[in-house]
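Take a look at the structure set out below.
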Amino acid sequence: MSGRRAAGARTHTHTHTHTHTQGGAARRVLGAHRAPLVAIAVVALLTALLGGSVLPALGVLATAGTQADLRAASVGARDLQATFAVSDDAASPAAAQRSADRLRGDLTAVRRTMPSALRTVTGPAGAAVTTRYLGLTDEPSRRMAAVTLAADDGVFDRVRFTTGRAPRPSADPLAIEVAVSTRVQTTLGWPVGHVRTISADGTALRLVGVYRPLDRGDPRWVHVPTTLRVANATGEDGNPIALATAFTAPGSAGAVASGRVTRGHVWFPLRPAEVDAADRADLVDSTRRFLTTQHALPGTAAGSTGFTTDLPALLGSAAARDATVGDLAAALASGPAGALLVLAGLLTRVLLDRAAGTLRLLGARGAPVRSVRTALAALVAVAAVPGAVVGGVLAVVVQAGPLGGRAPLPGLAAVAALVAAAVPCACAAFLAPVQRTGVPRRPLRPVVEGAVVLLTAAAVVTTVRRGTASSLPGGAVDPLAAALPLLLAATGVVASLRVLPLVLARVVALGRRQRGAAVLVGGVTAARTATVQAVPLVVAVIGIAVALFATVVSSTLVDGVAQAAHRSVAADVAVSSVALDPDQVGRIAHLPGVAAAVGVSSTDDVTFDTPHGSVQAEVLVADSATLARVQRGVPGALPTPSALRRTGTDRVPLVASRSLAAATGRDSSVLGAETRIVATAADAVPFTAARRWVLVDARTASAITDTGSVDRVLVRTAPGAHPVRVAAEVRALVHPGDVVTAVEAQRTLEADPRVPGTRVIATTAAVLAGVLGVGTLAVAALLAGAARRARGRLLGLLGADRRQMRAVVVAEAVPLLVASLVTGAAAALAIAATALPSADLRSFTGGVERPETVLDPVLLGAVGGGLLVALVGVLALTVRVGTPRDTVDHHHPTRRNR
């Protein structure tokens, strides 16, 4: 018995010792390779973090952009609305009142039939029962006016009465209490308590209250127009008349409808804050299904109604903008993503090189290849898996926190973490230096290079042919377009690796003719290791190319927004009004800060007769010489050749839109007057929505049209004058009128969250790509430091001093750094020439012309200078770590070697 216990104790002791020995061996292995393992863990963390955060970030940006688009759209465009008869003129007051009272319940039933996706983003119905505009009896010293009587059961909850009270219900069709807004009361000159009568039937309208809205931005005031301010119209006798809305009590709907047709205008207000970009497709489908259905309103005279909205078109435009953002983001992110993956492979290769002796020894002793590969993958996994897990967790935290997402996507973070951990492990297993005798090695370089070139050619052809449709159906990003920057950079590296040996051969030849051996030794070493430097060269080129490309994207976007804003205004300041005259144009021209001003008149369509038929077109009239002065330097300025101002000729000279010129030819006639087109311009201009138009000089316009009043004034500000201040002076002079500046239009375009969001993406990509590119060169310099120091010690034994050793390191390192910078710059130009045009920035700018690629010299100089300084720093680091410190200086002998 005692023998068995002793044997058991020996077995336990042996097992414990074996386990302890294995643990110690594992710790020694990990300690020996601590630096590359830590670097692999960091790269895996970054890869998982970025992979798990980029798509949610784009989703948040898309949602913010969609909501901004919907808020910027007009209420009438985004809300679901309908107009229908509530009661006819034969209905009794009691029946009309019942119809009005039932309307709210009918609309509630309609909302219950909405598809869920639509009901979620819309609020409860708003409704107003109104009459047509009813003329009021003229009173001395008061404006001629007509009012529409409106009943709305929710309106008085949204106002504050400044004078009087809310109307009380009336059963008498000839005596009705009403309330109006403060501006309407002031414009009509209607005192509280005073009665005005409807001229057609003598109905007495007593004003009992005046109110102010609690929220002027409430969509209700848009759906019930002329509520907060009157509208100006022209009566049948040609005299001006003010149109206004007077609200009655909801219980007065029957009295109001007596002998009159009442119409209901109802709307379901869209709530932009509830719209999510991920649900756009479902929302569009739900909206279209709702619009194609007649909805029952049994309590009304109409019986049913259909709704209208521009919501599907608005969401489609938002999706197009987000597709452009996705294209740019994919193009910008592909570089850092590829650089991270290549860097993971490079670090794995470093780890394998450090363990190469041990691994080959295992292979020589007969260790199975699968076991060696598995051991290597496990060694790398010790660092990659924890790093990837931490990165995935951080990605989920970022999704739920800074990105403000409604629902984190742990699945996406898990996939990103899996890829981040799998890539270095797979590289370790694939690149394992296992001895396999008798098996010939197949050269992979030509195959890899050929595949890269073919994929790049396919990506370029696809991108160029696709043109403005830069995404796949449904807004998905085209993988080839996304990988284009990465492929172009890789192709640049392929070309560089083929050209670099030729350059280095010239360097070696030059070194042979020089007295010193530094250039010769450095050039020979660089030529022998050119292929080995392929991996850091790839990452460096990708980083430099993406950094420079991001600079081009940012400057093009900024310039494109500014150009589109200036194009939309057509001048520094523009005034739109229906009641301008030449005298007002002259007064505007003499305002402080105004260099020139020109009035533009648009007339009704005129008929251009040609041998092939007649064509309708709108006529624009302006002093072309002043117009040229005002629009000098403005993008999209109308051509104003001197021939346009020529008088005394047989034909009236015109500038025409290209569509009109194609339809009429060069010569045509209008009202017997012969015309000739002397220049053409784009169809889309800010002066008219018509695609067919002509511009005629004011000197010759009378031959083909009546000029009429000026409806637009374009202003050029004087040097040093601020357009916003000039616009304030113009507003005071032409009130009422719509005055806009190019500066304000640019701010409106920049209010789209996608514009600053894209700049942030470009800046982040530039910084990350630059850091990865330069950092990889620094890592390569550190890894090659030991071999260079050993070579330096050998050169020291041969009589070289430290200065000569540093010169050798410089001669070896400079070709790689120069190749990185030159190839990266060339790749950036190629990317900008192919990838940027395919991402149609017109969806950002709102313009009709595609923005031109712009290189901001200041920004480009800053980024290029930063990269150059970083490369100089890499060179300094390379020299420092590549020069041995324990050398003998033969020029300054010490006591030891004296």
Side-chain angles (χ1 to χ4, degrees), residues 74-76 83 126 128-152 155-156 158-164 166-167 176-201 203-249 252 256 260 262-263 265 267 575-581 584 709 711 731-739:
S74 66
V75 171
T83 303
V129 179
T130 62
T131 66
R132 62 180 178 85
Y133 283 98
L134 307 171
L136 301 180
T137 302
D138 296 342
E139 293 187 359
S141 69
R142 289 192 174 93
R143 290 185 63 178
M144 294 180 61
V147 298
T148 176
L149 301 179
D152 182 344
V155 68
F156 295 130
R158 291 171 168 79
V159 300
R160 177 177 61 85
F161 279 92
T162 58
T163 306
I176 301 174
E177 293 183 352
V178 297
V180 298
S181 67
T182 53
R183 182 167 292 188
V184 169
Q185 184 208 24
T186 302
T187 304
L188 299 186
W190 192 351
V192 174
H194 185 73
V195 174
R196 297 196 68 169
T197 60
I198 296 174
S199 57
D201 57 16
T203 300
L205 303 179
R206 181 181 297 277
L207 182 64
V208 298
V210 179
Y211 59 81
R212 291 183 183 273
L214 296 177
D215 180 11
R216 288 186 174 273
D218 192 323
R220 185 175 303 268
W221 313 125
V222 178
H223 286 292
V224 186
T226 68
T227 299
L228 301 185
R229 63 174 61 188
V230 301
N232 298 309
T234 302
E236 295 179 356
D237 56 0
N239 292 320
I241 185 172
L243 305 180
T245 297
F247 279 102
T248 68
S252 298
V256 169
R260 305 184 184 95
T262 58
R263 302 187 66 80
H265 180 73
W267 63 93
V575 185
S576 299
S577 180
V578 295
L580 294 172
D581 56 53
Q584 286 178 303
S709 61
D711 48 28
R731 287 189 183 95
L733 184 63
V734 301
H735 182 77
D738 184 18
V739 181

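Here the structure is a predicted model, which means the values were calculated and not measured. FYI, the numbering just counts along the sequence from 1.
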Candidate pair Thr163 and Tyr211, rule side-chain hydrogen bond (donor to acceptor under 3.5 Å, both in side chains), full reasoning = CA-CA 7 Å; Thr163 306; Tyr211 59 81; over 6 Å; no
Distance col, row Leu149:CG vs Thr131:OG1, nearest 0.5 angstrom, shows 4.5 Å
With distance as the sole criterion, is a donor-acceptor pair present between the side chains of Thr137 and Thr197 under 3.5 Å?
-> yes
Leu243 and Tyr133: which non-hydrogen atoms are nearest, and at how many Å?
-> CB-CE2, 3.7 Å
What pair of heavy atoms forms the shortest contact from Arg183 to Leu228, and how long is it?
-> CB-O, 3.3 Å
What is the minimum heavy-atom distance between Ala179 and Leu207, and which atoms define it?
-> CA-CD1, 3.9 Å
Just by modelled atom types, is the Arg206 backbone N or O under 3.5 Å from a matching donor or acceptor in the Trp190 side chain?
-> no
Gap between atom OG of Ser199 and atom CG of Leu134 - 0.5 Å precision = 8.5 Å
Taking all non-hydrogen atoms of both residues into account, name the closest pair between Ala150 and Thr130 and its distance.
-> CB-CG2, 3.7 Å
Would a 4.5 Å heavy-atom cut-off, applied to side chains only, mark Thr203 and Arg260 as touching?
-> yes
Within the distance-only criterion (no hydrogens, no angle test), does the side chain of Thr186 pair as donor or acceptor with the backbone N or O of Thr182 below 3.5 angstrom?
-> yes
Over all heavy atoms of both residues, which pair between Ala128 and Trp267 is shortest? Give the atoms and the distance, please.
-> N-CZ3, 4.1 Å
Here the pair of heavy atoms bringing Pro167 nearest to Phe156 is CD-CZ, 3.4 Å
Over 12 non-hydrogen atoms of neighbours within 6.0 angstrom of CZ in Arg212 | no
So, the side chain of Arg143 versus the backbone of Leu188: is there a donor-acceptor pair under 3.5 Å, distance only?
-> no
